[in-house]
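To start, the structure itself, in structure tokens.
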Amino acid sequence: MSSPLVLRTVAELRRTVAGWRAAGERVALVPTMGALHPGHVSLAGIGRRTCTRIVVSIFVNPTQFAPNEDFSAYPRTFEADLAALEAERIDAVFAPGVPDMYPDGFCTTVSLAGPAAAGLEDRFRPTHFAGVATVVSKLLIRCLPDVAVFGEKDWQQLAVIRRAARDLDIPVDILGGPTIRESDGLAMSSRNVYLTPEERAAAPLLHRVMTRCAERIRAGEPASTAMAEGRAAIEAGGFALDYLETRDPDSLAPVADDASGPLRMLVAARIGRTRLIDNIAVRPVAQH
Ligand code: PAF
């Protein structure tokens, strides 16, 4: 087992990646904000299917947090993250500082529409996706990987990033990695550490309700009826619900009850001081 290289600046990252490319290797980037859990590790595994070198970036990106959000409280566990990545044979960790990513005078932001304005996360975090798309564009342009892998747990984020990479002609394959769940169904998330024991016990309700609603829709019940009951069940379980919706998986546009195409269910709800998001396929996109 050897420790991953720790790269702090764009110059170090570019030099390292250029050396690999000159040797004919393929490079995958897994962008993260650290506080790594098995979900992140699984994304590196997806990169490894087609690439020989894996870079994991760890950067808690200030521009995607609103002033009232948890930027300063966000868990930072760099030493434990490095140890986890060493066990996974990761080649390099790119961990820039804020001044390296956003030097004095930085004033450029990616402006988004389409899936970024679907009325889901954007309704509750109006500045979030501009921060995500800006930092992800910077990370992709800095690293120029062949592949970049993002978790499907942040489904709207994945749709936004796919669209932005396509629109900005960033030459990278964006891949999604399936959500990794605890044995009781709770989606793994760095923010789960905020949950008190009581909240942690209640949290799997979101996945249970979504699973039940999806079964009912697949059995022929109108999505609007199943969703209304799902919303009530989540609120009865002690959550403050932001949304529970079914949408087109790519555009995230609303879908009529009588439509038969692919359908994704997405939820966001708050319990105590923690905001949880999750999503599942109701009717998956056809595989080619
Ligand atoms: O999903 C995350 O951890 C972050 O939003 C990302 C994609 C690393 C951008 O900061």
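Sequential numbering from 1 along the given sequence is applied to the chain's residues. When a ligand or atom number is given, it counts from 1 through the structure's own listing order. Keep in mind that what you see is a predicted model, and the values were worked out from it rather than measured.
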- request: Output, in order, the C-alpha distance, side-chain angles, deciding distance and verdict of side-chain contact (heavy atoms from CB on, under 4.5 Å) for W155 and L120.
  value: CA-CA 11 Å; W155 187 268; L120 298 166; over 6 Å; no
- prompt: Does any donor atom in the side chain of Q156 or D122 lie under 3.5 Å from an acceptor atom in the other side chain?
  reply: yes
- request: Compute whether any side-chain donor of one residue and acceptor of the other, for Y74 and N61, lie under 3.5 angstrom apart.
  value: no
How far is [atom] from the closest protein heavy atom, and which atom is that?
| atom | result |
| --- | --- |
| atom 3 (O) of ligand 1 | M33 CG, 3.6 Å |
| atom 5 (O) of ligand 1 | Q157 OE1, 2.7 Å |
| atom 9 (C) of ligand 1 | Q64 OE1, 3.3 Å |

statement: Quick note on ligand 1: atoms under 4.0 Å from a heavy atom of V135 include exactly 9 (C), 10 (O)
message: If you apply the rule side chain to side chain donor-acceptor pair (under 3.5 Å), what do you find for Y243 with E121, and how did you get there?
response: CA-CA 9 Å; Y243 58 82; E121 283 303 284; 2.5 Å; yes
